[in-house]
Amino acid sequence: VACEEKLEALGELINEVLEVKQELIAKEKLNLYSLIRNLVKWVTLRELKDDGAYITRLLEKLINELGTKSNILIQIDKKSFEEMPEILDHVQTTLGKLEKVRLEVDYDLNGPGIVLESENGIINGTLIEQFKGLDRLFKGVGLVVESDFPAKEYFSENKNHKSHSGEDQ
């Protein structure tokens, strides 16, 4: 009888250990997903820091997604606004002539990126929105969405100013 009780206790102990093992594996899996997500964001920021053609490629992609080359409002961060004449020239060489394009500095944009508006809609191509999309992908595997990824060294400091407009053609 005592032997049976010890075997039963041992069986319960083994089941508890197996349950804890499963919980640990599930927790470590989420930790690994979180590490991968943050590593992807960090590598992205690191690569963009030294990439002088990012805004040009992004603008080309967004104009193609927008499906129009006229009556476009381009809202862009202050840092990239200074380079826009050269960027627009390059984009027009690649995609063709853009008509009735208006540029605005958007001081509320956190980091590099572009918001395009036209009759066809609005496309938010900011880095924050791209990171939110990445967070949604990881949410699909059970990872809680993290909205405070520390990328402040790349983001603009001026947030309390009004937009400044410029016209192109």
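Remember, it's a predicted structure, so these values are computed and weren't measured experimentally.
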Qualifying side chain to side chain donor-acceptor pair (under 3.5 Å) pairs with a residue from residues 114-127, counting only residues at least two apart or across chains: Asn71-Glu119, Asn124-Thr126
Exercise: identify the closest heavy-atom pair between Glu60 and Val91: CG-CG2, 3.7 Å
Value rounded to 0.5 Å, distance of CG in Leu35 from CG in Leu30: 12.5 Å
Trp42 side chain near Leu45 side chain, heavy-atom distance below 4.5 Å: no
Single-linkage hydrophobic cluster Leu18~Leu10, side-chain heavy atoms < 4.5 angstrom: yes
NZ/NE/NH1/NH2 to OD/OE distance under 4.0 Å, Glu99 and Lys97: no
Same apolar cluster (I L V M F W Y, side chains within < 4.5 Å links), Leu58/Leu73: no
Validation row: Leu88, Leu59 side chains within 4.5 angstrom (heavy atoms): yes
Residues, nucleotides or ligands: over 12 heavy atoms within 6.0 Å of Arg46 CZ: no
Closest contact, heavy atoms only, Glu129 versus Arg136: O-NH2, 4.4 Å
Close side-chain approach of Ile76 to Met84, heavy-atom, < 4.5 Å: yes
Closest non-hydrogen atom pair, Ile63 against Thr68: CG2-O, 3.6 Å
Nearest non-hydrogen partners of Tyr54 and Pro112, listed with the distance: CE2-CB, 4.2 Å
CD1 on Ile114 to CZ on Phe81, rounded to 0.5 Å: 12.5 Å
Straight-line distance of Asp106 CG to Ser80 OG, nearest 0.5 Å: 12.0 Å
From Leu127 atom CG to Leu48 atom CG, the distance as rounded to the nearest 0.5 Å: 6.0 Å
Test log, rule side chain to side chain contact (heavy atoms under 4.5 Å, CB included), inputs Asp135 and Lys41: CA-CA 10 Å; Asp135 286 340; Lys41 289 179 180 182; 2.8 Å; yes
Distance-minimising heavy-atom pair for Tyr33 and Phe138: O-CE2, 3.6 Å
Spacing of Lys69 atom NZ and Leu95 atom CG [to the nearest 0.5 Å]: 5.5 Å
Remaining members of the apolar cluster that contains Leu7, side-chain heavy atoms under 4.5 Å: none
Full working for side chain to side chain contact (heavy atoms under 4.5 Å, CB included) between Leu143 and Arg37: CA-CA 10 Å; Leu143 196 59; Arg37 178 189 59 198; 3.5 Å; yes
Distance (rounded to the nearest 0.5 Å) between Ile74 CD1 and Leu62 CG: 9.5 Å
Salt bridge (charged side-chain N to carboxylate O under 4.0 Å, His left out) partners of Lys61, counting only residues at least two apart: Glu65
